[in-house]
Q: 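So that we are looking at the same thing, I have put the structure below in C-alpha cells.
Keep in mind it's a predicted model, so treat the numbers as computed, not measured.
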Amino acid sequence: QVQVAESGGGSVQAGGSLRLSCIPSGYTYISACIGWFRQAPGKARVGVGGIYTVDGSTVYADSVKGRFSISRDNAKNTAYLQMNSLKPEDTAMYYCAWKLFGECDTSWHDPTSYTYWGQGTQVTVSS
C-alpha cells in the first residue's frame with residue numbers, strides 16, 4: 001500500500017513562489033503517474049499537472065503552464081511542484097496523487113483515475 005504525504009504549503013503574496021513536495025512510502029520503485037491537484041473551497045478538485053516517474057515527462061493544465069513545473073527525484077522518492085508567479089486564484093488545498101503502472105495519459109486530470117492520495121497542503125496567495 002502506497003501512502004503519500006505532501007508538504008511545503010504556506011501563505012505568500014501574489015508574485016511569490018512556493019515548492020510543494022510529495023513523498024510516498026510503502027513501496028519499491030514502480031512506474032506511476034504522479035498527479036498534482038488543487039481544490040478551492042466550494043469547488044471541484046482539478047488537475048494542475050502530472051509527471052511520469054519513468055522518464056520524467058510532464059503534463060500541465062493550461063491555467064498553470066509557464067508558471068508551475070513538476071519534477072521528481074527518484075533517488076529521494078520525492079516529486080515536486082514548483083509554483084512561481086503565484087496569483088490569488090491559485091489559493092487552494094493542493095494534493096498529490098499516484099496512479100500506478102502507467103503514464104500520465106489523457107486521463108491524467110481525472111481524480112477518479114488515481115488510487116493513492118495525500119491529505120493535502122494549503123496554499124494561500126494574497127493580493
Side-chain angles (χ1 to χ4, degrees):
Q1 174 110 2
V2 176
Q3 296 179 322
V4 182
E6 306 94 341
S7 63
S11 297
V12 295
Q13 291 191 329
S17 297
L18 282 172
R19 188 178 77 161
L20 307 184
S21 298
C22 172
I23 304 174
S25 61
Y27 81 106
T28 54
Y29 178 74
I30 51 178
S31 68
C33 172
I34 304 173
W36 284 98
F37 290 79
R38 65 186 181 186
Q39 187 168 20
K43 295 190 176 182
R45 190 170 297 188
V46 297
V48 173
I51 187 166
Y52 182 41
T53 58
V54 174
D55 62 9
S57 57
T58 54
V59 290
Y60 297 97
D62 288 344
S63 59
V64 304
K65 280 181 181 177
R67 299 189 299 124
F68 291 10
S69 64
I70 300 173
S71 60
R72 94 275 189 240
D73 185 332
N74 286 341
K76 295 182 178 179
N77 290 337
T78 302
Y80 303 97
L81 176 64
Q82 178 68 44
M83 304 184 293
N84 299 324
S85 302
L86 282 162
K87 304 175 181 180
E89 52 263 44
D90 294 318
T91 295
M93 185 73 78
Y94 282 72
Y95 299 89
C96 171
W98 281 61
K99 179 167 62 171
L100 302 182
F101 307 117
E103 301 179 46
C104 296
D105 57 17
T106 54
S107 69
W108 74 266
H109 56 84
D110 179 4
T112 65
S113 65
Y114 291 79
T115 305
Y116 302 105
W117 288 84
Q119 293 188 336
T121 185
Q122 178 67 38
V123 171
T124 302
V125 185
S126 58
S127 58

Q: Hey, what do you get for OG1 (Thr78) to CD1 (Ile23), rounding to the nearest 0.5 Å?
A: 4.5 Å
Q: For residues 116-127, pull every pair meeting side-chain hydrogen bond (donor to acceptor under 3.5 Å, both in side chains), keeping only residues two or more places apart or in separate chains.
A: Gln122-Thr124
Q: Taking atom OG of Ser21 and atom NZ of Lys76, what is their separation to the nearest 0.5 Å?
A: 9.5 Å
Q: According to side chain to side chain donor-acceptor pair (under 3.5 Å), who are the partners of Asp105, at least two apart in sequence or on a separate chain?
A: Lys99, Ser107
Q: Mind listing the side-chain donor-acceptor pairs of residues 35-48 below 3.5 Å, one per line with the distance, residues two or more places apart or on another chain?
A:
unit_1: Arg38; atom_1: NH1; unit_2: Asp90; atom_2: OD1; d: 2.8
unit_1: Arg38; atom_1: NH1; unit_2: Tyr94; atom_2: OH; d: 2.9
unit_1: Gln39; atom_1: OE1; unit_2: Arg45; atom_2: NE; d: 3.2
unit_1: Gln39; atom_1: OE1; unit_2: Arg45; atom_2: NH2; d: 3.2
unit_1: Gln39; atom_1: NE2; unit_2: Lys43; atom_2: O; d: 3.1

Q: Arg72 and Ile51: side chain to side chain contact (heavy atoms under 4.5 Å, CB included), yes or no, with the steps?
A: CA-CA 8 Å; Arg72 94 275 189 240; Ile51 187 166; 3.6 Å; yes
Q: Starting from Val64, can I reach Val125 by hopping between I/L/V/M/F/W/Y residues whose side chains sit under 4.5 Å apart?
A: yes
Q: Taking disulfide (SG to SG under 2.5 Å) as the cut-off, I'd like each qualifying pair that reaches into residues 49-97, sequence neighbours left out, listed once.
A: Cys22-Cys96
Q: Kindly write out the residues that satisfy salt bridge (charged side-chain N to carboxylate O under 4.0 Å, His left out) with Lys87, not counting sequence neighbours, or none if the list is empty.
A: none
Q: Between atom CG of Leu100 and atom OG1 of Thr115, what is the distance when rounded to the nearest 0.5 Å?
A: 5.5 Å
Q: If the condition is side chain to side chain donor-acceptor pair (under 3.5 Å), which residues does Ser7 pass it with, not counting sequence neighbours?
A: none
Q: Of all residues at least two apart in sequence or in a different chain, which pass the side chain to side chain donor-acceptor pair (under 3.5 Å) check with Ser85?
A: none
Q: Tell me the closest heavy-atom pair linking Ser63 and Arg67, and the distance in Å.
A: O-NH2, 3.1 Å
Q: Taking C-beta and beyond as the side chain, do Val123 and Thr91 meet within less than 4.5 Å on heavy atoms?
A: no
Q: Under a 4.5 Å cut-off applied to non-hydrogen side-chain atoms, are Met83 and Ser17 in contact?
A: no
Q: Is there a path from Val12 to Leu20 through hydrophobic residues (I, L, V, M, F, W, Y) whose side chains come within less than 4.5 Å of each other?
A: yes
Q: Restricting to pairs with a member in residues 47-81, which pass ring-ring contact (aromatic ring centres under 6.0 Å, His included), not counting sequence neighbours?
A: none
Q: Any pair with a residue in residues 33-72 that passes disulfide (SG to SG under 2.5 Å), sequence neighbours left out, goes on the list, sorted by first then second residue, please.
A: Cys33-Cys104
Q: Are Val59 and Leu81 grouped together when hydrophobic residues (ILVMFWY) are joined by side-chain heavy atoms under 4.5 angstrom apart?
A: no
Q: With side chain to side chain contact (heavy atoms under 4.5 Å, CB included) as the criterion, how do Thr53 and Ile34 come out once you've worked through the C-alpha distance, each side chain's angles and the decisive distance to 0.1 Å?
A: CA-CA 7 Å; Thr53 58; Ile34 304 173; 3.6 Å; yes
Q: If you look at every heavy atom in Leu86 and Leu18, which pair is closest and at what distance?
A: CD1-N, 3.9 Å
Q: How would you list, by chain and number, every residue that makes a side chain to side chain donor-acceptor pair (under 3.5 Å) with Asp73, sequence neighbours excluded?
A: none
